[in-house]
2 protein chains.
Amino acid sequence: MLIDTSLHHLDISHIRSSCATCSLRELCLPVGLNDQEIQVLGDVVSHKRKIQRGGYLHRSGSQFQSLFAIRSGFLKTCVLEEDGRQQVTGFHMTGELLGLDAISTDTHTCDAIALEDSEVCEIPFAKLEEISRTIPSLMRHFHKIMSREIVRDHGVMLLLGSMKAEERLASFLLNLSRRFLMRGYSESEFNLRMTREEIGSYLGLKLETVSRAFSKLQDENIITVDNKHIQINDIARLRLKMGNSSCIT
Amino acid sequence: MLIDTSLHHLDISHIRSSCATCSLRELCLPVGLNDQEIQVLGDVVSHKRKIQRGGYLHRSGSQFQSLFAIRSGFLKTCVLEEDGRQQVTGFHMTGELLGLDAISTDTHTCDAIALEDSEVCEIPFAKLEEISRTIPSLMRHFHKIMSREIVRDHGVMLLLGSMKAEERLASFLLNLSRRFLMRGYSESEFNLRMTREEIGSYLGLKLETVSRAFSKLQDENIITVDNKHIQINDIARLRLKMGNSSCIT
DNA sequence: TGTTAATTTTGATTCAGATCAATTAAAGCG
DNA sequence: CGCTTTAATTGATCTGAATCAAAATTAACA
């Protein structure tokens with residue numbers, strides 16, 4: 001099966017450009033730009049914003065003006081169901097771009113909530129479109145970012161449509177692992193920022209099922225779970241877990 | 001719940017521009033362009049291609065050069081799993097744009113297969129990017145199309161993550177209904193182009209479950225099913241079916 | 001720091017959908 | 001046109017995850 005281990009994020013693995021505007025350095029946008037172009041982009045991306053844990057970056061239904069590039073922290077995006085419960089559509093970390101869904105109708109289609117104190121750069125979209133006309137490589141890169149989001153969503157669709165609980169959790173952990181690795185953190189040991197319920201909501205599972213899947217993976221010595229702290233003991237076997245959804249049953 | 005009834009397509013409901021290049025008239029791209037701009041776009045979109053029922057428009061892994069706008073027909077996109085079975089990621093009809101997922105890596109990430117004889121316009125992506133630099137409204141519209149695809153995918157993710165079989169099928173039928181209506185066909189009566197297995201693959205269900213869900217909806221007099229021919233008798237109740245996923249159980 | 005609230009784990013039970021199996025219907029095709 | 005293949009329906013049974021329930025652990029905060 002061709003499921004992407006990276007579920008739902010925007011890749012920054014290839015960020016290499018040295019960049020005068022410090023706020024831009026760690027973001028996904030300035031890839032491959034020269035100093036002068038980064039200057040132009042920097043003028044657009046100047047405005048920063050802090051969001052406390054639990055705070056909203058934007059709400060579903062609010063007017064769309066800007067994309068947000070995460071400078072630090074960790075956020076979830078979710079839609080509120082009419083009965084008050086919420087469905088998580090993604091988890092987002094440093095370097096990733098939020099708000100792509102809002103371009104279509106100039107209205108945000110989901111809430112973005114900080115799971116820890118976070119900092120974002122606001123990128124007025126009209127200005128981004130404008131300068132991307134004069135910087136082809138920026139336009140091209142932006143298109144790739146949007147496209148990548150589509151590919152990732154297809155990966156999640158596949159996961160939700162065809163994997164069972166344990167496989168979904170394995171995919172999820174491997175995805176986080178990879179994203180932490182890309183950012184220079186340990187791929188085998190990290191702290192979850194979200195609750196079991198939020199994981200379950202994202203993976204289409206109930207929180208009890210998530211908890212049981214964690215316990216099962218621990219019993220098999222593939223991971224060690226201490227509440228939010230996760231240690232991956234055998235990444236190869238974890239990959240096997242999710243890779244054989246339709247083979248081993 | 002905020003699930004979009006439109007699962008997975010690119011909206012052409014607002015196509016109004018009178019257009020010299022006949023091949024462009026029914027497509028989603030030329031929205032809001034003047035005649036001169038349409039001329040420019042037309043030069044890019046000239047190349048047409050026919051695909052027979054069962055034929056491939058593109059294959060997963062093949063190099064990306066062009067987007068494809070569907071002029072007529074009906075296609076599915078799917079990824080092949082290692083065991084040979086395939087997972088359907090979308091159904092696509094006239095006016096919709098295929099290939100957005102391939103922009104990210106310059107490689108197609110899925111197969112596109114015609115479910116009936118179809119005709120597409122090839123749109124070399126490099127050229128599209130180039131002329132969109134000089135036609136801001138085209139660029140803006142293209143971004144909206146990509147964004148809409150992301151929103152739709154989120155809708156499918158929600159569907160797969162939180163709806164049960166009957167609700168999924170109701171969503172699916174309402175989505176098709178709306179897309180047929182937009183194209184000037186009946187919203188209450190249409191022929192399915194895909195098999196129960198393909199529907200199941202798309203909805204994360206087994207074909208038997210799809211069949212049973214059809215039968216159930218028919219027993220309730222909400223729809224009438226005659227193999228591939230579907231008649232929606234009570235669209236309001238069908239909407240109710242999918243709207244109350246978490247309320248009525 | 002102690003008290004309350006939220007989160008997590010684990011067990012028992014239930015149920016929706018998968019799987020297995022057989023029949024019927026439709027579509028290709030020589 | 002009849003024969004073969006593919007697709008669809010329906011029934012019986014099984015199973016993975018949901019649900020219900022309770023205890024244990026952790027976090028929040030006054």
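Just so it is clear: chains get the letters A, B, ... in the order the sequence lines come, proteins before strands, and each one is counted from 1. Reckoned from all heavy atoms, side chains included, excluding hydrogens, waters and symmetry mates. Remember, predicted model here, so these are calculated numbers, not experimental data.
L115(A) meets the side chain to side chain contact (heavy atoms under 4.5 Å, CB included) test with F74(A), K76(A), F91(A), R193(A), M194(A), E198(A); sequence neighbours excluded. A search for ring pair (Phe, Tyr, Trp, His ring centres under 6.0 Å) contacts involving H58(B) returns H108(B), not counting sequence neighbours. With sequence neighbours left out, the ring pair (Phe, Tyr, Trp, His ring centres under 6.0 Å) criterion links F68(B) to no other residue.
Taking all atoms of both residues into account, the shortest heavy-atom contact from L217(B) to L173(B) is CD1-CD1, 4.3 Å. The minimum heavy-atom distance between N227(B) and R196(B), with the atom names listed, is O-NH2, 2.8 Å. When all heavy atoms of S147(A) and A102(B) are compared, the closest pair comes out as OG-N, 4.0 Å. Of all heavy-atom pairs spanning L160(A) and R168(A), the tightest one is O-NH2, 3.2 Å.
We find that NZ of K216(A) is positioned 15 Å from C1' of dT10(C), with the value rounded to whole Å. Atom-to-atom, CG of L203(A) to C1' of dA18(D) comes out at 16 Å; the value is rounded to the nearest Å. One can place CG of L205(A) at 11 Å from C1' of dG16(D), the figure rounded to the nearest angstrom. Rounded to whole angstrom, the span from the CG atom of L192(A) across to the C1' atom of dT9(C) amounts to 15 Å. The interatomic distance linking L169(A) (CG) with dA17(D) (C1') rounds to 14 Å, in whole Å. In this structure, the NZ atom of K206(B) is 11 Å from the C1' atom of dG17(C), given to the nearest Å. Computed from coordinates, the M163(A) CE to dA17(D) P distance equals 12 Å when rounded to whole Å. We find that NZ of K164(A) is positioned 12 Å from C1' of dT19(C), with the value rounded to whole Å.
The overall bend of the helix from dT1(C)-dA30(D) to dG30(C)-dC1(D), read as the angle between its terminal helix axes built from five base pairs each, is 50° when rounded to 10 degrees.
Set against dA28(D), dG28(C), dG17(C), the side chain of R53(A) has dA28(D) as its closest nucleotide.
Within the 4.0 angstrom heavy-atom criterion, only backbone atoms of the sugar-phosphate kind lie near G204(B); the bases stay farther away.
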### Summary
The contact string for nucleotides 6-15 of chain D, one letter per nucleotide 5' to 3', using protein heavy atoms under 4.0 Å with B, S and - for base, sugar-phosphate only and none, comes out as --SBBBB---

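Between R183(A) and E96(A) there is a salt bridge, since a side-chain N of the basic residue sits under 4.0 Å from a carboxylate O of the acidic one.
A salt bridge (Lys or Arg N to Asp or Glu O under 4.0 Å) check over residues 207-219 of chain B, counting only residues at least two apart or in different chains, returns the pairs E166(B)-K216(B), K216(B)-E220(B).
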